[in-house]
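Working notes, structure below.
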Amino acid sequence: MSVPAQIAVLLALNARLFDRVPLDQMTDAEHALHEAAADMPAEVRERLNTADKLSDADRETIIQIATKSLARFQPKPEAESEPGDQTEVKPKSKPESEEKS
């Protein structure tokens with residue numbers, strides 16, 4: 001695995017981008033991130049291959065690339081439940097002995 005791909009995976013893990021990827025799609029998601037890492041800007045890749053410290057902007061660029069490449073593996077947000085779909089919570093009734101008091 002290339003250094004840019006390693007860094008992209010580590011930053012994506014740290015940003016919790018893999019947390020919602022279904023396990024059965026994890027290998028494909030990681031592969032998509034490796035491909036995306038190969039397309040990151042040359043100046044960022046160069047800094048990854050040297051001892052230069054990554055800037056916050058570099059980290060943000062890599063996380064944006066990772067987010068975009070992993071978007072198709074994220075589950076679709078569930079639509080807000082319909083009002084009729086919610087289970088109605090009924091207040092507990094008092095025992096008969098308390099009601100007659």
Side-chain angles (χ1 to χ4, degrees):
M1 182 183 322
S2 70
V3 171
Q6 290 177 40
I7 300 297
V9 168
L10 290 172
L11 288 175
L13 286 167
N14 193 45
R16 304 183 65 108
L17 299 179
F18 283 104
D19 287 4
R20 296 189 63 217
V21 174
L23 288 177
D24 64 335
Q25 295 180 8
M26 193 62 68
T27 301
D28 293 336
E30 186 178 353
H31 183 69
L33 183 53
H34 292 189
E35 289 178 0
D39 293 333
M40 75 176 57
E43 64 275 3
V44 175
R45 280 196 324 262
E46 287 174 22
R47 279 190 287 280
L48 295 176
N49 287 316
T50 66
D52 291 345
K53 183 177 178 180
L54 285 179
S55 67
D56 289 340
D58 290 339
R59 289 176 193 275
E60 187 60 34
T61 297
I62 295 168
I63 289 171
Q64 287 175 356
I65 290 168
T67 300
K68 186 176 179 180
S69 70
L70 296 174
R72 66 183 166 131
F73 298 100
Q74 303 294 322
K76 303 272 188 269
E78 292 185 28
E80 293 294 321
S81 58
E82 298 296 321
D85 291 346
Q86 294 179 350
T87 305
E88 185 179 327
V89 178
K90 296 180 182 178
K92 291 183 179 179
S93 61
K94 295 181 182 178
E96 288 183 33
S97 61
E98 287 182 24
E99 288 179 5
K100 294 179 181 179
S101 306

(request) Check side chain to side chain contact (heavy atoms under 4.5 Å, CB included) between Ala12 and all other residues, then give those that pass, not counting sequence neighbours. (result) Leu17, Phe18, Leu33, Ala66, Leu70

(request) Using the test side chain to side chain contact (heavy atoms under 4.5 Å, CB included), find all partners of Pro22 that sit at least two apart in sequence or belong to another chain. (result) Asp24, Gln25

(request) Would you check if the side chain of Glu30 reaches a backbone N or O of Val9 as a donor-acceptor pair within less than 3.5 Å? (result) no

(message) Asp39: which residues meet the salt bridge (charged side-chain N to carboxylate O under 4.0 Å, His left out) condition with it, sequence neighbours left out?
(response) none

(message) Applying a strict under-4.5 Å side-chain criterion to I, L, V, M, F, W and Y, I'd like to know whether Leu10 and Val44 cluster together.
(response) no

(message) Using the side-chain hydrogen bond (donor to acceptor under 3.5 Å, both in side chains) criterion, which residues pair with Ser2? Sequence neighbours excluded.
(response) none

(message) Looking at every heavy atom in both Met26 and Val21, which two are closest together, and how far apart are they?
(response) CE-O, 3.7 Å

(request) Mind running side-chain contact (heavy atoms from CB on, under 4.5 Å) on Ile62 and Leu48 for me, showing each step along the way? (result) CA-CA 11 Å; Ile62 295 168; Leu48 295 176; 4.2 Å; yes

(request) Report the C-alpha separation of Thr61 and Met40 in whole Å, then their side-chain angles, then the decisive distance to 0.1 Å, and conclude whether the side-chain contact (heavy atoms from CB on, under 4.5 Å) test is met. (result) CA-CA 8 Å; Thr61 297; Met40 75 176 57; 5.7 Å; no

(request) State, yes or no, whether a side-chain contact exists between Pro41 and Ile65 at a heavy-atom distance under 4.5 Å. (result) yes

(message) Just to verify, what does Glu46 make a side-chain hydrogen bond (donor to acceptor under 3.5 Å, both in side chains) with, not counting sequence neighbours?
(response) none

(request) Only counting residues at least two apart or in another chain, list the ones meeting side-chain hydrogen bond (donor to acceptor under 3.5 Å, both in side chains) with Asp19. (result) Arg16

(message) Would you compute the distance between atom OG1 of Thr67 and atom CG of Leu11 and round it to the nearest 0.5 angstrom?
(response) 10.5 Å

(request) Would you check if His31 and Asp28 make a side-chain contact, meaning some heavy-atom pair closer than 4.5 Å? (result) no

(request) Please list, chain by chain and in numerical order, all residues satisfying salt bridge (charged side-chain N to carboxylate O under 4.0 Å, His left out) with Arg45, sequence neighbours excluded. (result) none

(request) Working to the nearest 0.5 Å, report the span between OG of Ser69 and CD of Gln64. (result) 12.0 Å

(request) Identify the heavy atoms of Arg72 and Ala32 that sit nearest to each other, and give their distance. (result) NH2-CB, 3.5 Å

